[in-house]
Engineer: 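Quick one: the structure is below, and I'll ask about it shortly.
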Amino acid sequence: MPIRTEPVTVNLGPQHPSTHGVFRLRVTFDGEVVLDVEPVFGYLHRGSEKLGEERTYTQVITLTDRLDYVSAMTNNQAYVIACEKLAGIVAPERAMYLRVIAAELQRLVSHLVATGFFLNDLGAFATPLMYCFRERESVMDLFEMLCGARITVSYMRVGGVFQDAPEEFWPALNTFTTDMPHYLDEYEQLLTSNEILLTRTKGVGILTTEKALNCSVTGPVLRSTGFPWDLRKVDPYEIYDRVQFDVPVGEQGDNYDRYKVRIMEMRQSIRIIDQCVQQIHPGPVKADVPALLRPPPGDAYGRIEGPKGELGFYLVSDGGIAPYRFKIRSPSFINLTVLRDLLIGWKLADMIVTFGSIDINMGEVDR
Amino acid sequence: MYGLGILNGFLVTMKNFIKKPVTIQYPEERNPQHPRFRGEEFVWYEDRCTACASCAKYCPLGIIKIVTHPSGGKLPEGDAYAIDVFDIDIGRCMFCGLCVEACPYDALFMGSGFEESKYKRADLVIHADRLRAAEKHPSTWFRPQLEGRGYDPQSDAPVPWKEAGRESWPHHLPQRPGEPGADGADAPSSPAGH
Amino acid sequence: MVQEMFFWLLAAVSVASALAVIRLHDLFRAALMLVVTFFTVAGLLILLNAEFLAVVQVLIYAGAISVLIIFAVLLTRDVEKGNRPNRLRVPALLASGLIGVFLVFVALQKEWPLLEDVLSKDSLARAEEVFTTTPQWLAGLLLREWVLPFEVASVLLLAAILGAIVLVRERHP
Amino acid sequence: MPSPLEGNALFRGIYCWLAANKGNALQCPPDGPAFKDGWLPLGWEWLAYTIAALAIVMLVVNAFMVLATIYTYVERRLLGRFQSRLGPNRAGPFGLLQPIADAIKLLAKEDLVPAGADRWVFNLAPVVMVVPVILVLAVLPFGRHSFVADVNIGILYVVAVTSISTLAMFMAGFSSGNRYAMFGGMRAVAQLISYEIPVVLSIVGVLLLAGSLSLVSIVEAQRIPYILLQPLGFFVFMAGSSAEMNRSPFDLVEAESEIVSGYHTEYSGMKFGVFQLAEFGAVLTTSGIMATLFLKGWEGPVLPSHLWFLIKVFLFAFLFIWVRATLPRLRLDQVMAFAWKFLLPLSLINIFITAIEVLALDTTKLANLWLMAGINMAVAVLGIAAFSRFVRLGGKPRDITIEIPMASEAR
């Protein structure tokens, strides 16, 4: 005897504790089971792409800070790489190392935030979040040393970075990379083997490699399905071909794998930073780039492996001081496309956790 | 066996319970602030400013307003124009520091404060008079010459304009950075991390 | 005197809330009024020195049964409008009236031997013992003297539980 | 017939001070120093009775309210420390005035009732929520000869009264006219009714050992703390009662990351405050019951009995806070499975083992009690290990064929 129930439609968001910004999900529930999901976004749309066409190439860097505001460095890096491709500039070696160090620190921050909020969505009352933010703060201190700002860094410039790292940055970085593995161990001890976390995340929200590839999902979400696609390996930019690191992959692409892959990537990031510190040697940090950059007419697509996936900037130049077309390939936005397939059939609680495990940032989705 | 992972978690929280909390009680104690900190209010050396308005042009938000008139001064000395208005609208500033980067004469520096709450938006506009009167504690952001001296804007004395200059900055030397002879005196020569 | 005052208060509230249960259109509120009735009945039981029964009344009826009723109410449509009167109105009135008359008749006619039995045997001291150690007495009665009906009742409940599970279990293809 | 207040030292003091004591040898024994005719004439004992009862009720309720507000502060401070931060420390010395500041803030807030709400039920729900928490105090012995009433069905009364809060949550959730609140209410009903059963069954072991339902007798019957004799019962009771109080890891009813705030999403101002008070108060009363059942209640050396009771209450409260700081939340079906497949069998095993032991061993001998403690400890470890298999990993999604149009187009 089937019990007939009526589906209920709920607006999850835009104001909801766990939508990571102003994201809205129009969800149809049968009891607690998700029948249908429709993501609605655009609440944070600021027209970044159009704004970029009105600004000089240097000024756009400040816009990229605000796309994915928990990983401003990597946004800077991707944009700057696109610009350098467009203008045919090669940054000095030391600048590249500095950029990579900054970007890997930023990857740590982004993954810390992602892990913290993922565990918070799981219901661990703010404790892992607080621990993660504690370490995030120390990276923020490093950024403040490096460029005088904690979040909106605007550190990189076309053709290098704006200024070399200060003297006290290096010992501080060294302390950080020595301490960080212990903190990672602490997170893992806190929750990785916790049975509640396992029951909540193992086998939940499984994403197959095929579907991930079809939806052009990138980043840790793709790697968690067992597909070792990492632009730092497959299309090495800057100096990534000179450092040794592994590309951690998951087993079946469930929530647990996505969590675990991020934790493992953090360890790899520390490894990369350590190698960079070993390899970096003195030199100029900025190429000779005019203040008002006028790249030759043409177009370029620069991409990097951002913390959330492939972050690309497509720039078209008409020879002027501002890009003619400024297009952002934001991983958060693309990764959202699998959301509906991941959520349908699962319960409300799983929905929140799966959504948290994809790790999106609305500043990047809505641009 | 099930349950051991949970017990492990309890150990971690207990460890943190016993440890000293990391919170800093803000108004009483403060995080050490780095000399490069990009804050307000801006440090402006009028003696060096030629009113070229590069800062206003480079500002992504266009929040710097400069009005000048010909002063009748000596053109080669760089004081051909006298400044009537030099307003920085802090309320819209995002402290990217591009204006400082753009200034060809090292006349504009970032400040190092961050506590500037006001009851009116209009009060957030910093006028030239205030900039003139303010104590000069320039941030070392984009000013390697200050950093090379180990200047700390939070604790050290105000810097007069003659000392804040960029005379030894390799970026402005005839040689370009990277060329032999350029990275001599004050290109950071420390091997990283050692 | 105080006891009588409380009795009349409780009785009045109980009758009023019972009437509200059948008169209110909003099914949810009707169910809540039913809970009030359960509570007042529990109060009456306390006045009768039957604390155990009162507590069980609260535990089972107010705590569990009423919640189940409310759950069932939720599954019905148009909770605010409630049941419309239909053709069965008159027969239902007749049937319930008959049952009511029958119950009152039985209650008045029947001699209630339990209390008298106890009182006659060992007078007041024994009655006091019953009242102070109600749980022990009830336990003795249920698990020694009337253990068979007790067990039969539990088997019946078990069958009901199993039946309910079988009825609503999701079938996996 | 003895009054249920007999044995209550405070009550007796007030009563004997007020009443004419010629006919009340039972309550004011003539040989005691208290034997003196009170202020009221003969025949007015009922007034003395009423005044004494009201006085003690006022005392207990107010003391409880003060403790509950202090507990909100303690919980936030301790949670902060577990998360390596400080917690509220600005209002007053060490932030001790934080609860008062919170209360003032809540009182000053606008009291909103949503347009789609069922006004009466909506306003009534906070009251229904807070009443059972206070009612529990009626039978809780908080010191030697200190309780409002020593009822012979004490623990049953506690169980019965606490089951009412389900109703309150459901009323709040249903009347708000909010879907998150509705989810919260539905979850509350499912979860709380399920956990009622293991909780009640876990108490049975204690009852078998103590041979009484009265909380005072249970405390007096404990020669060694029942937490040693009933480790399994304690575990089940602790897990079950944290589910009944909606505390982590069973805080689905107000799961912030999922359903905003659950059944009290729509509440604001002091109504919200009353819900919070009821929840924090429930922690205290539950800790009190746990101290009474499993840790010898008020009994302890040197310190006064009331202080001992308070210490034990805050010990258990600390345990609850620790759990809250550490564990993530379970899913609804896992919570139900945990109750039915894990806690229920464990509590049944506990009853079974305890009953056999009570039959087979002479519980008056201390050595036998320690033997029982050993056996029960082993059974607890084995039982938890054996039944934890049933806590499922993951689970499967329901098979739903996705129609191509999205929800908005299909409307």
Side-chain angles (χ1 to χ4, degrees), chain C residues 1-3 5 24 26-36 38-39 42 46 49-75 79-80 124-125 127-139 161 165 170-173, chain D residues 1-2 4 6 46-47 49-50 116 118-121 124-125 128 131-132 135 139 149-171 173-175 177 182 185-186 188-190 192-194 196-197 200 207 211-214 217 333 340 396 398-399:
Chain C
M1 193 193 76
V2 182
Q3 287 219 342
M5 218 167 71
L24 279 180
D26 189 330
L27 282 184
F28 185 60
R29 288 188 183 185
L32 289 179
M33 291 319 277
L34 189 66
V35 177
V36 175
F38 287 148
F39 272 107
I46 286 179
N49 271 326
E51 288 108 344
F52 186 82
L53 266 186
V55 165
V56 170
Q57 164 91 7
V58 171
L59 179 60
I60 306 288
Y61 282 91
I65 301 272
S66 61
V67 174
L68 283 184
I69 289 173
I70 289 171
F71 226 58
V73 165
L74 275 185
L75 292 177
V79 172
E80 290 82 23
L124 205 64
E128 229 176 70
E129 198 198 323
V130 176
F131 284 130
T132 47
T133 57
T134 327
Q136 283 91 330
W137 267 82
L138 279 175
I161 291 171
I165 289 173
E170 275 182 51
R171 277 174 189 78
H172 297 293
Chain D
M1 191 182 69
E6 190 199 4
W46 63 273
L47 189 59
Y49 186 92
T50 316
D118 187 342
R119 258 197 122 74
W120 277 89
V121 184
L124 202 62
V128 182
V131 159
L135 281 182
V139 295
D150 177 19
V151 192
N152 59 14
I153 43 161
I155 190 66
L156 204 60
Y157 169 85
V158 170
V159 171
V161 159
T162 47
S163 68
I164 301 168
S165 59
T166 318
L167 207 62
M169 286 180 205
F170 197 74
M171 282 165 71
F174 187 71
S175 66
M182 190 71 229
M186 298 291 258
V189 173
L192 268 63
I193 289 212
S194 302
E196 200 83 46
I197 294 156
V200 173
L207 302 183
S212 171
L213 287 169
S214 152
S217 318
D333 55 332
W340 292 106
K396 276 193 232 80
R398 190 196 286 183
D399 208 13

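What you see is a predicted model, and the numbers here were worked out from it, not measured in a lab. Lettering of chains follows the sequences in order, A, B, ..., and the numbering in each one begins at 1.
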Engineer: Rounded to the nearest 0.5 Å, how far apart are CG of D:L213 and CZ of C:F52?
Structural biologist: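 Result: 7.0 Å between the selected atoms.
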
Engineer: If we only count heavy atoms from C-beta on, is the D:Y157 to C:L59 side-chain gap below 4.5 Å?
Structural biologist: no

Engineer: What part of D:I193 gets within 4.5 angstrom of chain C, counting heavy atoms only: side chain, backbone, both, or neither?
Structural biologist: side chain

Engineer: Here's a test for you: under side-chain contact (heavy atoms from CB on, under 4.5 Å), which of D:V121, D:D118, D:V128 qualifies with C:L32?
Structural biologist: D:V121

Engineer: So does C:F38 have more than 12 non-hydrogen atoms from other groups sitting under 6.0 Å from CZ?
Structural biologist: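 Result for CZ/C:F38: enclosed.
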
Engineer: At what distance, to the nearest 0.5 angstrom, does CG of D:L124 lie from CZ of C:R29?
Structural biologist: 10.0 Å

Engineer: Going by side-chain hydrogen bond (donor to acceptor under 3.5 Å, both in side chains), name the residues that satisfy it together with D:W340, two or more places apart in sequence or in a different chain.
Structural biologist: D:S194

Engineer: Considering only heavy atoms, which portion of D:M182 lies under 4.5 Å from any heavy atom of chain C: side chain, backbone, both, or neither?
Structural biologist: side chain

Engineer: Side chains of residues 67-74 of chain C: which donor-acceptor pairs under 3.5 Å do they make with residues two or more places apart or in other chains?
Structural biologist:
none

